[in-house]
Amino acid sequence: MTPAAHKHPSPHAPELRAVARHIGRRRFLTATGAAAALAFAVNLPTAGVASAAELDAAKITEDPFTLGVASGDPQPGSVLLWTRLAPVPYQADGGLPAERVTVHWELAHDDRFRRIVRRGTATAHPEFDHTVHVEVGHLAADRVFYYRFKAGSWISETGRTRTVPATHAQVSGLKFAAVSCQAYTDGYFTAYGHLAEDDVDVVFHLGDYLYEYAVNSVGGYRNYTDRVLPDLFNHETVNLEDYRLRYALYKSDPDLRAAHAAHPFVVTWDDHETENNYADDIPENDVPPEEFLLRRAAAYRAYWENQPLRRPQQPEGPDMQLYRRLRWGRLAQFDILDTRQYRSDQAYGDGLDLPGPEIDDPARTMTGETQERWLLDGWRGSRALWNVVPQQVNFAQRKLDLTNPARLSMDSWDGYRASRRRILDGAKSAGIENLMVLTGDVHVAYAYDIKDDFDDPASSTLGTEIVATSISSGRDGADKPSTWDTYTGANPHMKLYNGRRGYVTVELGRELARADFKTVTAVTTPGAPITTAASFVTEVGDQGLKPA
């Protein structure tokens, strides 16, 4: 993972400092005030009451590894390992005192840990909710490793991870999965259980890892009869404690735990990790921007704490540079985007509307100027055969009616057409011949040809878009949703529309790429089998999806 070529400027620090001055000591003593204060403290703790004392890990009497292990953002010579200590995960303090804990870790060639490669210790700080991020370096490229953590007498489950090939290696193939949108209340994470058994090199999570909405005592449509979830989940997430607890709920899911343990993840967010359909510092609801920025700071901090992310992604208040680049030898370059933090406000509201002049305004942006420049510069410098863009919202044109004009989604790239045009022109200018966009958000699977002119089916095909359906959001769904005839008729470049839950795998090779859309029949009941609903290929030098 190479550092970003451009550091995204933060316009928010003065506002946050100003609002922090006005919170006052009395409000800091409240739960909300304390959470807001903690959102400002972004550096690794070196002093203070919480970091002054160390807990003897031998005194931990219950398993602290209830939320599993994870790895992410692999590099040629290093891996990033994650865990969180939480003996009582559905409790605000995780069942631990506000003291730091020494955690031991091991990395090995084998899952029995007979051939140890590296071992060491890390500190689980209470200021970071006893999460641990370990960057293990000086490793061989393109190798599989196994890892685990120890605290006191407790040993975590074993995770499997890997390094990526050397930057200039001639790689023959790569298989990855793309996932998105896992509303806990909409059903079980059954697809993750299947993904844990799938043979992939890496998983790209395209956003909506959690949802901010209330979770009732029976887990919504999971309709638990064997447990009762505590009432502290039954309200919308707003402050840091809320978001941390919500990650604890999600990460306690056994299927999600299994997928994280089996594969390294590369994550990016969409909106629900903070608030539905927010745009930069503009919230969905009518609250002052400084109040929303406090919420965003809390959400971003909890996101970093609970994801396998490296130090450059550690947030500063309400700002976090999540866009970054991953290279897989000379086979593929992945430019992971953030289409939420820097975007202009949605045109004509954030719903479905007829196109108007605002969506073609060149001053409006989906990515922000700095990230856009970083992407286009990265393409100009790319030596990869495939250039893949994991991002959040529907990129290709998606007309929602058979009429002319037709409604479009104002939250997707259709609401930012000038911004999309600059991206496509940048790809052409850079000579990008094998472009693939990865998308989540919409809770269905789509496969698109990316056209130079979406209104002209005969125009050149510049790449393909693979839209991963949701893990659970939207509940069980259907193979052919009610809008299937309309959408497929209105969009000839749409090669697939499937409304079931699941994930997609993509195999990149020297001659072609193959996408397999995998779906389950139900998520409102556990244990559904998985099938391949559709498969497509696109050839190197001849972009366009064909049934496999």
Side-chain angles (χ1 to χ4, degrees), residues 1-5 69-82 105 107-111 117-118 133-147 159-179 195-196 198-206 259-268 307-313 321-337 374-375 378-379 381-391 432 434-438 466 504-510 513-514 540:
M1 193 78 58
T2 56
V69 300
S71 69
D73 282 19
Q75 293 184 359
S78 71
V79 295
L80 186 286
L81 311 179
W82 175 94
W105 56 267
L107 188 79
H109 286 299
D110 65 303
D111 61 3
V117 180
R118 296 276 188 279
H133 296 72
V134 177
E135 297 188 32
V136 186
H138 307 290
L139 300 175
D142 202 14
R143 298 285 179 87
V144 170
F145 298 96
Y146 297 87
Y147 64 95
R160 180 179 180 272
T161 191
R162 62 166 302 142
T163 52
V164 303
T167 303
H168 300 294
Q170 294 294 338
V171 182
S172 61
L174 156 68
K175 183 178 180 181
F176 64 83
V179 298
L195 177 56
D198 213 330
D199 182 20
V200 299
D201 295 300
V202 65
V203 177
F204 290 89
H205 198 294
L206 305 172
H260 270 301
H263 312 298
F265 272 54
V266 176
V267 300
T268 186
Q307 297 290 11
L309 289 164
R310 293 177 181 266
R311 277 190 293 270
Q313 277 60 65
Q321 186 165 314
L322 196 56
Y323 63 86
R324 58 211 193 278
R325 183 166 291 127
L326 169 67
R327 294 187 175 93
W328 206 277
R330 294 289 292 269
L331 180 66
Q333 175 172 300
F334 295 92
D335 293 294
I336 300 105
L337 299 189
W374 167 85
L375 175 62
W379 279 345
S382 175
R383 299 295 179 265
L385 181 64
W386 294 94
N387 285 273
V388 184
V389 184
Q391 55 94 54
I432 299 300
N434 303 298
L435 173 65
M436 180 178 289
V437 176
L438 305 179
I466 304 298
V504 61
T505 60
V506 177
E507 295 178 70
L508 298 180
R510 307 298 303 181
R514 177 190 174 104
V540 167

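Predicted model, so just to flag it, every value in this text is computed and none were measured.
Here the two rings, on H109 and F145, have centers that are under 6.0 Å apart.
Under a cut-off of 6.0 angstrom, the local environment of CZ in R514 is crowded, with over 12 non-hydrogen atoms contributed by other residues, nucleotides or ligands.
Checking side-chain atoms of H263 against main-chain N and O of D199 turns up no donor-acceptor pair under 3.5 Å. Side-chain atoms of W386 come within 3.5 Å of backbone atoms of G509 as a donor-acceptor pair (strictly under, hydrogens ignored). Formation of a donor-acceptor pair under 3.5 Å by the Q333 side chain with backbone atoms of G378 is found in this model. For the pair T268 (side chain) and Q391 (backbone), a donor-acceptor distance under 3.5 Å is absent. For T163 (side chain) and D142 (main-chain N/O), a donor-acceptor pair under 3.5 Å exists by modelled atom type. The closest donor-acceptor contact from the side chain of R118 to the backbone of H138 lies under 3.5 Å. When atom types are taken as modelled, the side chain of R510 and the backbone of V171 share a donor-acceptor pair closer than 3.5 angstrom.
V389 has its side chain within reach of W379: a pair of non-hydrogen atoms, C-beta onward, lies under 4.5 Å apart. No side-chain heavy atom of V136 sits under 4.5 Å from any side-chain heavy atom of Y147. Side-chain atoms of P264 and R162, non-hydrogen and from C-beta on, do get closer than 4.5 Å to each other. H133 is not listed as a side-chain neighbour of R310, based on a closest heavy-atom distance of 4.5 Å or more. Taking 4.5 Å as the limit, every side-chain heavy atom of V134 sits out of range of all side-chain heavy atoms of L107.
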(request) Take R327 and V164, measure what side chain to side chain contact (heavy atoms under 4.5 Å, CB included) needs, and give me the verdict at the end. (result) CA-CA 8 Å; R327 294 187 175 93; V164 303; over 6 Å; no
(request) Could you give me the CA-CA distance, side-chain angles and deciding distance for K175 and D198, then say whether side chain to side chain contact (heavy atoms under 4.5 Å, CB included) is met? (result) CA-CA 10 Å; K175 183 178 180 181; D198 213 330; 3.4 Å; yes
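Annotation: the span from L322 atom CG to I336 atom CD1 amounts to 8.5 Å, rounded to 0.5 Å. Separating the CZ atom in R324 from the CD atom in Q313 is a distance of 5.0 Å, to the nearest 0.5 Å. Atom CH2 of W82 is separated from atom OG of S71 by 11.5 Å, given to the nearest 0.5 angstrom.
Between F176 and F204, the ring planes lie perpendicular to each other; the angle is over 60°, past the 30° to 60° tilted range.
Here the closest heavy-atom approach between residue A332 and residue A384 is recorded as C-CB, 3.6 Å.
A salt bridge is absent between R160 and D111: the closest approach of a Lys/Arg side-chain nitrogen to an acidic carboxylate oxygen does not fall below 4.0 angstrom. Salt bridge annotation for D335-R325: present, with a cationic side-chain nitrogen under 4.0 angstrom from a carboxylate oxygen.
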